[in-house]
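Worksheet: the structure to be examined is printed underneath.
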Amino acid sequence: MASTTLRQSPLQNHTFLSPPASLKPFLKPSLKPCLPPPQSHKPTSIKASSNPISTFFSTKPSSPDDDSSDFSDKPREECGVVGIYGDPEASRLCYLALHALQHRGQEGAGIVTVNDGVLQSITGVGLVSEVFNQTKLDRLPGESAIGHVRYSTAGSSMLKNVQPFVAGYRFGSVGVAHNGNLVNYNSLRHMLEDNGSIFNTSSDTEVVLHLIAISKARPFLLRIVDACEKLEGAYSMVFLTEDKLVAVRDPYGFRPLVMGRRSNGAVVFASETCALDLIEAAYERDVYPGEVVVVDKDGVQSLCLMPHPEPKQCIFEHIYFALPNSVVFGRSVYESRRSFGEILATEAPVDCDVVIAVPDSGVVAAIGYAAKAGVPFQQGLIRSHYVGRTFIEPSQKIRDFGVKLKLAPVKAVLEGKRVVVVDDSIVRGTTSSKIVRLIKEAGAKEVHMRIASPPIIGSCYYGVDTPSSEELISNRMSVEEIREFIGSDSLAFLPLGSLKNLLGTDSPNFCYACFSGKYPVQPRELKVKRVGDFVDDGLIGGIDSIDGGWVQAPRIPKSNS
């Protein structure tokens with residue numbers, strides 16, 4: 001495909017504006033320009049990639065590349081969102097950015113663009129490369145777009161639940177893509193249904209569109225503010241209208257959302273900086289907790305959604321979810337994980353011959369452990385990149401083949417060795433026990449597990465799919481009992497206190513609820529999703545299969561911390 005000459009965007013030299021004069025008569029006293037949360041360190045600088053965009057598009061169809069390495073008892077990624085304003089290649093840039101965020105969700109993908117005042121949408125079940133091709137992208141012209149990759153933290157896997165959602169209301173049309181989870185979804189939905197709203201999906205994101213539609217506020221920006229003030233929980237969202245792109249982050253800032261700019265002035269929002277890198281957008285800053293950022297022909301306006309409390313950013317972004325080449329919450333993910341490994345080597349040393357990782361999320365921590373311990377790091381487990389998301393295990397007797405398909409031990413590295421295995425987390429323990437057995441069957445003399453996170457004792461209600469608390473092995477077993485269960489010669493977790501010390505004065509800005517059971521926003525509707533459910537239910541099941549995938553979680557005592 002011939003490359004397209006990019007027009008100069010009117011936003012090329014914009015400056016951040018205070019609320020426009022036309023809005024001031026409508027604003028509440030609490031609505032004012034947002035300020036960044038205090039940070040003890042300078043955010044890592046990020047440079048845009050130099051790869052030309054046109055090389056990513058050819059007449060050849062894309063081949064699916066399922067990079068999913070998760071096991072059934074790992075926490076599941078939430079979702080990834082992208083927003084682009086002011087670029088004639090908006091849909092293609094969105095497609096590339098979603099590729100970069102594919103690790104955050106593999107169940108579905110979608111893109112919405114606006115062209116001649118009309119919102120156009122294409123969504124589908126599967127990977128980004130399975131949903132989109134050249135023909136479909138040709139049907140999405142326009143200079144503004146939003147996109148979404150999905151893992152179903154709320155709602156089933158049905159096609160109708162794949163975002164972005166688009167809805168019409170009396171003043172126009174709006175599209176939305178959401179990363180996070182609303183803890184008051186059920187009560188909001190019941191309220192809206194009592195007032196006559198009809199829902200088309202089982203996703204918590206749809207309530208946001210209904211709240212916008214029923215809002216009495218004018219103009220559209222204040223409808224978003226009005227709607228978000230009723231939401232509780234985690235949300236990083238991008239909205240698209242006929243003439244605006246809007247980005248919103250909840251007051252606690254649970255989920256990440258960054259802002260960047262391409263050389264032609266186009267403004268980009270994304271869940272991670274790795275998406276900015278791929279589409280040659282220079283990182284500018286994070287969207288602040290509680291901030292509403294509006295981009296239109298007049299430039300960029302920023303308002304505070306509401307007075308925000310102390311940020312509570314998800315620490316698991318640094319432990320597991322984000323890619324190592326991303327900068328999340330102003331910190332390099334790579335540097336965080338390397339430091340986690342160094343702490344484990346210092347606080348839980350063991351005599352060993354080799355350090356290996358459970359790929360891919362344990363690799364950087366293992367490198368840090370090996371460097372600090374002065375022991376060689378080697379590739380003792382090889383991960384297959386070609387295992388599909390829905391491998392069928394026909395019977396319990398051969399259930400272990402699921403792990404063997406994904407991980408293959410290297411006997412030359414392991415045989416006769418005392419091995420330290422570094423992984424990012426242990427959730428239910430079933431996969432860890434299989435990995436230990438796999439390594440011992442390859443001839444390892446000793447296997448020592450080191451986990452680059454504290455023990456997970458509580459379910460997440462803010463956009464991460466974790467089991468109910470009774471299924472979490474660290475919630476019902478001591479470290480020694482877990483060691484016996486998985487069969488390792490020793491086991492150590494990253495101490496929570498050491499993790500907080502590493503973060504320094506930024507430590508209060510992170511959420512540790514899954515490690516402490518202390519929730520910044522109390523989950524009133526105590527339901528969590530069973531990991532491993534909804535593999536196929538959205539494609540072949542009915543509404544009963546949705547309800548059957550939810551379990552009542554024990555009530556968490558209210559805490560002020």
Side-chain angles (χ1 to χ4, degrees), residues 70-79 104-105 107 150-157 178-187 202-204 231-235 250 252 254-255 312-321 361 423-432 451 453-479 482 485 493-494 496 499 510-535 546-561:
D70 294 340
F71 302 113
S72 62
D73 65 341
K74 284 289 184 183
R76 300 296 293 268
E77 292 92 337
E78 324 88 0
C79 299
R104 300 185 72 87
E107 289 193 356
R150 177 176 188 271
Y151 174 72
S152 60
T153 55
S156 72
S157 307
H178 171 210
N179 174 24
N181 203 49
L182 305 179
V183 300
N184 63 335
Y185 160 66
N186 284 333
S187 58
S202 57
S203 169
D204 59 345
L231 306 179
E232 296 177 13
Y235 52 91
D250 70 79
Y252 286 92
F254 285 110
R255 308 258 67 86
K312 293 297 177 186
Q313 303 158 148
C314 177
I315 190 60
F316 240 90
E317 293 286 347
H318 280 266
I319 291 170
Y320 179 62
F321 293 131
S361 54
D423 202 357
D424 59 89
S425 60
I426 294 181
V427 181
R428 293 190 297 188
T430 52
T431 294
S432 297
I451 308 302
S453 69
I456 301 173
I457 65 169
S459 300
C460 179
Y461 300 91
Y462 310 129
V464 180
D465 194 0
T466 49
S468 58
S469 57
E470 61 265 24
E471 295 177 86
L472 296 168
I473 193 168
S474 293
N475 191 46
R476 52 188 175 84
M477 290 187 186
S478 66
V479 173
I482 298 172
F485 177 83
F493 291 85
L494 179 69
L496 181 56
L499 171 60
F510 284 88
C511 175
Y512 311 100
C514 54
F515 306 136
S516 67
K518 299 175 181 177
Y519 293 89
V521 177
Q522 196 65 20
R524 292 181 293 160
E525 298 162 4
L526 293 172
K527 288 194 174 183
V528 295
K529 199 172 156 186
R530 291 194 191 100
V531 169
D533 288 336
F534 299 158
V535 174
I546 299 173
D547 293 336
W550 297 81
V551 294
Q552 194 71 26
R555 184 163 295 280
I556 308 296
K558 190 170 185 180
S559 171
N560 295 324
S561 56

For the residue pair [X] and [Y], establish whether any side-chain heavy-atom pair is separated by less than 4.5 Å.
| X | Y | value |
| --- | --- | --- |
| C514 | F316 | yes |
| F515 | L496 | yes |
| D424 | I451 | no |
| R104 | N179 | yes |
| S361 | Y320 | yes |
| C511 | Y252 | no |
| P520 | F254 | yes |

If you look at every heavy atom in [X] and [Y], which pair is closest and at what distance?
| X | Y | answer |
| --- | --- | --- |
| N181 | Y462 | CB-C, 3.8 Å |
| N184 | E232 | OD1-N, 3.0 Å |
| I456 | S474 | O-CB, 3.4 Å |
| M477 | I482 | CB-CG1, 3.7 Å |

Checklist entry - Parallel, tilted or perpendicular for Y461 and Y519, by the 30°/60° rule? => result perpendicular
Checklist entry - What do the steps show when you test H178 against D204 for side chain to side chain contact (heavy atoms under 4.5 Å, CB included), and what is the final call? => result CA-CA 9 Å; H178 171 210; D204 59 345; 3.8 Å; yes
Checklist entry - Who pairs with F510 by side-chain contact (heavy atoms from CB on, under 4.5 Å), at least two apart in sequence or on another chain? => result Q313, I315, H318, F329, R331, L503, D506, Y512
Checklist entry - Which is it for E317 and R255 under the salt bridge (charged side-chain N to carboxylate O under 4.0 Å, His left out) test, yes or no, and what are the steps along the way? => result CA-CA 8 Å; E317 293 286 347; R255 308 258 67 86; 3.4 Å; yes
Checklist outcome for this item: Only one of I457, I426, V427 passes side-chain contact (heavy atoms from CB on, under 4.5 Å) with L472, and that residue is V427
